[in-house]
Chemist: 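Okay, handing you the structure first.
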Amino acid sequence: MRFYRGNHQFASEPRKKTRGLLLAVPVVISVYLILAGDSGLYQIWHREGQINALHEEIEVLVEKNVRLQEEVGLLKDDLKTIERIARERYGMIKANESIYMVYPHPPGDSMEGER
């Protein structure tokens, strides 16, 4: 015995809309997650830029570190470097030497020119 439940060949209009919605929602969510999720394509692209910037910063810091290591070596061993820094930073002089301060203009002229 067979029961007739209507024509199953043609779905009603509300069923078509519901079926279309049920198919579209997972597709939209999947596309969103692929493009803009926490590990989406945008985040990956952005992180690649950050990685490149950090590699460049590392290179700069390595070069700076090498220069500082060389300077440390000079400060430990080279007497001429130690003397130069003592003269420049601390104004130290040898016996029978005089220091002359040279200014681009006399100290009093800077105030007169602004008036």
Chemist: Answer yes when Lys64 and Glu57 have at least one side-chain N-carboxylate O distance shorter than 4.0 Å, and no when they do not.
Modeler: no
Chemist: So do the side chains of Asp78 and Ile82 get within less than 4.5 Å of each other, counting heavy atoms only?
Modeler: no
Chemist: Show the atom names and distances, to 0.1 Å, of all donor-acceptor pairs under 3.5 Å that link a side chain in residues 65-77 to residues at least two apart or in another chain.
Modeler:
none

Chemist: Heavy-atom count around Leu79 CG within 6.0 Å, excluding the residue itself: above 12?
Modeler: no
Chemist: Taking Lys94's backbone N and O only, do any of them form a donor-acceptor pair with Glu97's side chain (distance below 3.5 Å, no angle check)?
Modeler: yes
Chemist: Mind checking the CG-CD spacing from Leu54 to Gln50? Nearest 0.5 Å is all I need.
Modeler: 7.0 Å
Chemist: What is the ring orientation for Tyr42 with His46, classed by angle as parallel under 30°, tilted 30 to 60°, or perpendicular over 60°?
Modeler: parallel
